[in-house]
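These notes are about the structure you will find just below.
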Protein chains: 2
Amino acid sequence: MAGRTTIRELAKLSGVSVGTVSRALNGYPDVARETRARILRLAAELEYTPGAAARTLVTQRSHVIGVFLETGCDHPDLQHPFFHEVMDGLKQAVGEGGYDLLLFAAERPGNGFVDQTYLNRCRHHDVDGVVLMGVWSEDPEVRRLVRSEVPCVGVDVDLGATAVLVGSDNVAGARMAVEHLHRLGHRRIATVTGLIETRPGMDRLRGYRTAIQALRLAYRDEYVVYGDYYVDSGSAAMAQLLALEEPPTGLVVQSDLMAVGAIRTATAAGLRVPDDLSVVGFDDMPMAAHMRPALTTIRQDKARLGREAAAALLRRIERSPDQPPTVTLPVELVVRGSTAPLGGIES
Amino acid sequence: MAGRTTIRELAKLSGVSVGTVSRALNGYPDVARETRARILRLAAELEYTPGAAARTLVTQRSHVIGVFLETGCDHPDLQHPFFHEVMDGLKQAVGEGGYDLLLFAAERPGNGFVDQTYLNRCRHHDVDGVVLMGVWSEDPEVRRLVRSEVPCVGVDVDLGATAVLVGSDNVAGARMAVEHLHRLGHRRIATVTGLIETRPGMDRLRGYRTAIQALRLAYRDEYVVYGDYYVDSGSAAMAQLLALEEPPTGLVVQSDLMAVGAIRTATAAGLRVPDDLSVVGFDDMPMAAHMRPALTTIRQDKARLGREAAAALLRRIERSPDQPPTVTLPVELVVRGSTAPLGGIES
DNA sequence: TTGTAGGCGTTATCAT
DNA sequence: ATGATAACGCCTACAA
């Protein structure tokens, strides 16, 4: 009843030694067919499960993937819908590989006699690899972790040459957004950036600039307003753009959340979206299709980001140590109701 | 560089035995002030972290809380915004207590020689407690887990007397929603339920019924339509209600997601919300305030649900084994734009 | 106040 | 093909 079945009990009950039981369970070839069968039967009967702790101790492999998920103190962790979807893919993929996920929560695990660093928290739990999201890549502690023996992958964060970077093709995404608006006849196209210190924030801005130049549109500094991915910054940015002498007619907002804020402010100011102002978001969050107007946006395959992160990690753990340093997933323009031809449907 | 610092190295370097080091680190009183200081200094210097595996092995305490999060195969795990917010609170609270979270992902951990049950997966990792969300409480395997030695708490799922149930006051919430509509003059008030097999689904329906009776409104079977919490079921339910001879003028939708679907369908049918139809949702998901119209809803304190779940677990683990079997958090009516007086603003 | 030693549950290395 | 036995890193009686 209470307590767990140990390998020793199995040994006793099946009349062999613990060594043999272990080998039978782990599928070693040098076990008599009949012995193995007996042991397996017994194990199933007693619902034996190897203790992870003991096994980890001796094999130095925990079959656990750590996750650091920090999204700033301004906004509670886990708040941005993006991360949840990534976690979902991550969970799926590691699960299929026989791994579980450890979500780091404790600041001072162990005995708490010292503030623990990223690296220490990984070592403490012997995680076989770790996924970093929303962390500041220049943080000295992050760099130390990345340089350590622990396999790392960053989702949307560039950790340098020794780690894998998994992300969407943000440059292309922003470019596609601009081109979409251009195709609709817009020429005054502004952008609201994400957190510019983050990799996607920077890349999307770059994509915007590239497209503006390629299309031979005038690049205007005042058409670039800086946000932080969240709703309120989108509102603020919109207000700023509305105050311009020549406000834009098209807007590339580099997250759906900010797009929501931008649209709200524009609407409050009497503008109609998309009639007076077209806006395209970024992400395709679950609610994007359900807004009014429904959000035209650049879709990221968030679940797949998670799956790729897992895959990269497991590959590195179980197979080759050398890895493509970067996995870039394609994005997709999803046209919905928040964009329209300039000046309404004409010609 | 590579590899971790062990207690043995500390012992060697500080010139004492491993026993003393261990006691010093764990704050035992019987260590010379000066010896302890030296050891702690050294530990800090070398960034010593106790290995969780070894410690778990001997103490039988992992300082890890397991999480089972399953939200059905129809809808990808983790999809419903509700759970993310709960996880956030959970993470915070367990973190403060020095625990980390293990998100169960692997179906067959260990050697994979047998499909693992909930209980086995908990034992495998020696989790000190486990939080269950979105699981079917009648599942025999769930029941076995609950009856085991592993402390359990269900968020929105009633696991029986041996576990703690943390949830919102769903009955009161639904009642408040009905009363709000009634106060606005509505008399034909329908409801779209959540998954009726779940505890909140049932409780909210009960709250609706109670309120209808208390207000002496006629209870009509056709005013109760069954949904599954997600957007599409809200749409379908709305369509069904619209086809009635006497459609409702007020609608209590038992999740915000379904409210979104319901409103969309109503709007598509030519109804204006809230002018022709008032709808109140349930949850107050992050996007609720940003919809058009903004959603009137019953707010749950989701983060606090997580925190309470953690608190209940840690209490049971570290202190008293006897617990209040249920933690019920108050909800709050948040009036926004999707509800209005019957017949517009009159009198 | 400190050292010694046994044991937690597994794996893995030798013998046999 | 199987059985002893030594680790793995840590905690904790028990001895000194």
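In what follows, chains carry the letters A, B, and so on, assigned in the order in which the sequence lines appear, proteins first and then strands, with residues in each chain numbered from 1. Side chains are part of it too, since the values below use all heavy atoms of this structure and drop only hydrogens, waters and symmetry mates. This is a predicted model, so every value here is computed, not measured.
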| task | Would you mind telling me which residue lines up with the more 5' stretch of DNA chain C, Val18(B) or Thr59(A), judged by nearest nucleotide? | result |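 Its nearest nucleotide lies further toward 5', so the answer is Val18(B).
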| task | Starting from the 5' end of DNA chain C, give me the residue, Ala54(B) or Thr35(B), whose nearest nucleotide shows up first. | result |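 On the 5' side of the pair lies Thr35(B).
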| query | Atom CG in Asp88(A), atom CG in Leu305(A): separation rounded to 0.5 Å? | reply |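 Interatomic distance, Asp88(A) CG to Leu305(A) CG, rounded to 0.5 Å: 12.0 Å.
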Using only side-chain N and O atoms of [X], determine if any of them is under 4.0 Å from OP1 or OP2 of [N].
| X | N | answer |
| --- | --- | --- |
| Thr56(B) | dC10(D) | no |
| Thr6(A) | dG9(C) | no |
| Thr20(B) | dT2(C) | no |
| Arg8(B) | dC8(D) | yes |
| Arg123(B) | dG9(C) | no |

| message | Run the side-chain hydrogen bond (donor to acceptor under 3.5 Å, both in side chains) test against Thr56(B) and tell me which residues pass, sequence neighbours left out. | response |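 Once residues adjacent in sequence are excluded, Thr56(B) has no partner under the side-chain hydrogen bond (donor to acceptor under 3.5 Å, both in side chains) criterion.
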For atom [atom1] of [X] and atom [atom2] of [N], their distance in whole Å:
| X | N | atom1 | atom2 | answer |
| --- | --- | --- | --- | --- |
| His125(A) | dG9(D) | NE2 | P | 17 Å |
| Arg61(A) | dT10(C) | CZ | C1' | 15 Å |
| Lys12(B) | dT2(C) | NZ | P | 19 Å |

| Pairs flagged by side chain to side chain donor-acceptor pair (under 3.5 Å) wherever residues 129-143 of chain B is involved - sequence neighbours left out |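 Sorted result for residues 129-143 of chain B: Glu141(B)-Arg144(B).
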| With sequence neighbours left out, which residue pairs that include part of residues 302-313 of chain A fulfil the salt bridge (Lys or Arg N to Asp or Glu O under 4.0 Å) condition? |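 Pairs touching residues 302-313 of chain A that pass the test: Glu85(A)-Lys302(A), Arg304(A)-Glu308(A).
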Using atom names, set out every protein N or O paired with an N or O of nucleotides 13-16 of chain D below 3.5 Å, distance rounded to 0.1 Å.
{"residue": "dA13(D)", "atom": "N6", "partner": "Arg23(B)", "partner atom": "NH1", "Å": "3.3"}

| task | Write down the atom of Asp128(A), the atom of Gln60(A), and the distance for their closest heavy-atom approach. | result |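 Minimum heavy-atom separation between Asp128(A) and Gln60(A): OD1-O, 4.3 Å.
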| task | Flag the pair Leu145(B) / Leu132(B) as yes when at least one side-chain heavy-atom distance between them is below 4.5 Å, and no otherwise. | result |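 Leu145(B) vs Leu132(B): side chains touch.
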Using residues 310-319 of chain A as the side-chain source, report each donor-acceptor pair under 3.5 Å to any protein atom, sequence neighbours left out, with the distance given to one decimal.
{"residue": "Arg315(A)", "atom": "NH1", "partner": "Gln323(A)", "partner atom": "OE1", "Å": "3.2"}
{"residue": "Glu318(A)", "atom": "OE2", "partner": "Tyr99(A)", "partner atom": "OH", "Å": "2.9"}

| task | Specify whether Phe104(A) and Phe68(A) have parallel, tilted or perpendicular ring planes, treating 30° as the upper limit for parallel and 60° as the lower limit for perpendicular. | result |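 It falls in the parallel class, under 30°.
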| Terminal helix-axis angle for the helix from dT1(C)-dA16(D) to dT16(C)-dA1(D), with five pairs defining each axis and rounding to 10 degrees |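 The value is 40°.
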| said: Side chain of Val16(A), heavy atoms from C-beta onward: which of dT2(D), dG3(D), dT11(C) has the nearest atom to it? | reply: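 Of dT2(D), dG3(D), dT11(C), dG3(D) is nearest to the side chain of Val16(A).
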| query | Tyr48(B) side chain: which of dA1(D), dC10(D), dC8(C) is closest? | reply |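 Taking heavy atoms from C-beta onward, the closest nucleotide is dC10(D).
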